[in-house]
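Here's the structure we're looking at; comments come further down.
Values below: all heavy atoms of this structure, side chains included; hydrogens, waters and symmetry mates excluded. Numbered from 1 within each chain, the chains take letters A, B, ... in sequence-line order. Because the structure is predicted, anything quoted here is derived from the model rather than measured.
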Amino acid sequence: MNAATLRLVLDQIAGMFPDARCELNHRNPFELTIAVLLSAQCTDETVNKVTATLFEKYREPQDYLNVPLEELENDIRRIGLFRNKASNIQKLCRLVIDKHGGEIPRKHEELTELPGVGRKTANVVVSNAFDVPAIAVDTHVERVSKRFGVCKPDDSVLEVEKKLMKKVPRDEWTITHHRLIFFGRYHCKAQNPRCDVCPVLEHCKEGKSRLKAGLKKRSVTK
DNA sequence: AACTCGGGGCA
DNA sequence: TGCCCAGAGTT
């Protein structure tokens, strides 16, 4: 899919989700980093339920170090992979205090040095906390990009990111990321995507074949 | 490239 | 109930 066609698709998606913004609860870069780290492999909704009370108890890096690991684990127990994440959060806080003066660093390479922070999380942090344009490729962004042929089906996550950046103006990277997330989460879902009511179906090879197969299946069943 | 971690969401 | 998932780290 070329840049011009992608632009058409993204404009349609923008109309579907005019308020597309990832709704992670955060008031500063530190809380955003913790929230995104927690969100790995579970829904933002679940993270928000936990952070709503978590951020009342833990306000700065030192607060996470003032409790035993077991206590922090218990405080985030409702989130998947909570043992890894609790451990990572304490190590992260230790590092932020010792090497970054208690503040979340702004450089991408410094962010990915933090335990539990990979490329995706770092992109979310720089784009949402520091206003640096970035496209964080999660499974939604990856799935949608591949269904619409923005990239090849077997491209790596990094390749997906590169091709999106190449085809989208730099000042629209971050909003595009949010829109693709919403589109992927609520419409172009992994299971049972809404191809039957999709306004950009004409640009989606996979969707068209999926719909055709579905219709065929129905007609055969009847 | 494949595996692990793990409670939640959904069928 | 049993499957899959808004990743990252290790081997």
Side-chain angles (χ1 to χ4, degrees), chain A residues 13 16-17 19-26 31-54 69-96 104-105 108-129 134-147 151-161 164 173-196 210 214 217:
Chain A
I13 294 176
M16 296 171 69
F17 305 100
D19 300 317
R21 274 303 151 209
C22 291
E23 64 274 6
L24 285 171
N25 291 331
H26 68 278
E31 289 189 351
L32 175 63
T33 304
I34 298 295
V36 179
L37 186 156
L38 289 173
S39 76
Q41 291 297 92
C42 72
T43 65
D44 283 1
E45 247 178 58
T46 305
V47 173
N48 283 334
K49 286 177 190 166
V50 171
T51 56
T53 56
L54 190 77
L69 177 59
E70 294 72 25
E71 183 173 340
L72 180 56
E73 286 179 353
N74 193 56
D75 288 338
I76 64 171
R77 185 169 291 279
R78 296 186 52 195
I79 291 183
L81 315 181
F82 65 90
R83 270 185 274 268
N84 290 338
K85 291 174 182 176
S87 167
N88 281 338
I89 286 172
Q90 286 198 330
K91 291 178 193 164
L92 180 151
C93 289
R94 179 82 273 153
L95 209 56
V96 164
I104 293 294
H108 196 280
E109 60 199 69
E110 292 174 325
L111 283 165
T112 52
E113 283 173 7
L114 301 173
V117 178
R119 183 173 188 83
K120 182 255 178 181
T121 300
N123 280 355
V124 172
V125 171
V126 297
S127 61
N128 290 281
I135 299 178
V137 179
D138 63 8
T139 60
H140 293 306
V141 175
E142 179 180 2
R143 181 180 64 254
V144 171
S145 298
K146 291 182 176 179
R147 281 182 176 168
C151 60
K152 296 176 184 173
D154 56 348
D155 274 348
S156 67
V157 171
L158 187 57
E159 278 302 312
V160 178
E161 183 182 330
L164 280 170
W173 286 353
T174 302
I175 186 61
T176 295
H177 157 249
H178 284 118
R179 286 172 179 157
L180 289 178
I181 298 256
F182 269 68
F183 183 66
R185 186 202 299 172
Y186 297 116
H187 187 94
C188 195
K189 300 180 288 184
Q191 293 97 15
N192 306 318
R194 309 292 309 279
C195 304
D196 53 335
R210 185 190 294 267
K217 191 176 175 183

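The closest donor-acceptor contact from the side chain of A:Lys146 to the backbone of A:Pro153 lies under 3.5 Å. A:Lys85 places a side-chain N or O within 3.5 Å of a backbone atom of A:Gly80 that can act as its donor or acceptor partner.
Summarising the geometry, the separation between CG on A:Asn192 and C1' on B:dA11 is reported as 9 Å, rounded to the nearest angstrom. What separates CG of A:Leu38 from C1' of B:dG8 is a distance of 14 Å, to the nearest Å. Per the geometry, CD1 belonging to A:Ile181 stands 15 Å off P belonging to C:dC5, to the nearest Å. A:His140 has its NE2 atom 16 Å from the P atom of C:dC4, to the nearest Å. As rounded to whole Å, 14 Å separates atom C1' of C:dG7 from atom CD of A:Glu161. Taking atom CG of A:Asp155 as the reference point, atom C1' of B:dA1 lies 16 Å away to the nearest angstrom.
Annotation: B:dG6 and C:dT1 have their P atoms spaced 24 Å apart (nearest Å). On the P atoms, B:dC10 is 16 Å away from C:dG7, given to the nearest whole Å.
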Report each atom pair, protein N/O against N/O of nucleotides 9-11 of chain C, whose distance is under 3.5 angstrom.
{"from": "C:dG9", "atom 1": "OP1", "to": "A:Gly116", "atom 2": "N", "distance (Å)": "2.9"}

What N/O pairs connect the protein and nucleotides 2-6 of chain B at under 3.5 Å? Give each pair on its own line.
{"from": "B:dG6", "atom 1": "OP1", "to": "A:Arg83", "atom 2": "N", "distance (Å)": "3.2"}
{"from": "B:dG6", "atom 1": "OP1", "to": "A:Asn84", "atom 2": "N", "distance (Å)": "3.3"}
{"from": "B:dG6", "atom 1": "OP2", "to": "A:Arg83", "atom 2": "NE", "distance (Å)": "3.3"}
{"from": "B:dG6", "atom 1": "O4'", "to": "A:Leu81", "atom 2": "N", "distance (Å)": "3.2"}
{"from": "B:dG6", "atom 1": "N2", "to": "A:Gln41", "atom 2": "O", "distance (Å)": "2.8"}

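Residue A:Thr139 has a polar side-chain atom (N or O) positioned under 4.0 Å from OP1 or OP2 of C:dG7. Taking side-chain N and O atoms only, A:Lys49 has no distance below 4.0 Å to OP1 or OP2 of B:dG7. Dashed line: the shortest gap from a side-chain N or O of A:Thr121 to OP1 or OP2 of C:dA8 is under 4.0 Å.
Comparing A:Gln191 and A:Val36 along DNA chain C, the residue whose closest nucleotide (by nearest heavy atom) sits nearer the 5' end is A:Gln191.
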Can you give me every donor-acceptor pair (side chain of residues 183-192 of chain A, partner residue at least two apart or in another chain, under 3.5 Å) with its distance?
{"from": "A:Arg185", "atom 1": "NH1", "to": "A:Glu23", "atom 2": "OE2", "distance (Å)": "3.2"}
{"from": "A:His187", "atom 1": "NE2", "to": "A:Arg194", "atom 2": "O", "distance (Å)": "3.4"}

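Atom-to-atom distance recorded for A:Leu180:CG and A:His177:NE2 is 8.5 Å, nearest 0.5 angstrom. Taken to the nearest 0.5 Å, the CG atom of A:Leu38 stands 4.5 Å off from the CD1 atom of A:Ile89. Atoms CZ and CZ, from A:Arg77 and A:Arg83 in turn, are 6.5 Å apart once rounded to the nearest 0.5 Å.
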Quick one, A:Ser39 with A:Lys120, criterion side chain to side chain contact (heavy atoms under 4.5 Å, CB included). Give me CA distance, side-chain angles, the key distance, then yes/no. CA-CA 11 Å; A:Ser39 76; A:Lys120 182 255 178 181; 4.1 Å; yes
Between A:His108 and A:Asn123, is a side chain to side chain contact (heavy atoms under 4.5 Å, CB included) present by the stated rule, with each step listed? CA-CA 7 Å; A:His108 196 280; A:Asn123 280 355; 2.7 Å; yes
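Taking a 6.0 Å sphere around CD of A:Glu71, one finds it holds more than 12 heavy atoms contributed by other residues, nucleotides or ligands.
Across all strands shown, A:Thr43 has heavy atoms under 4.0 Å from base atoms, whether or not it also approaches the sugar-phosphate.
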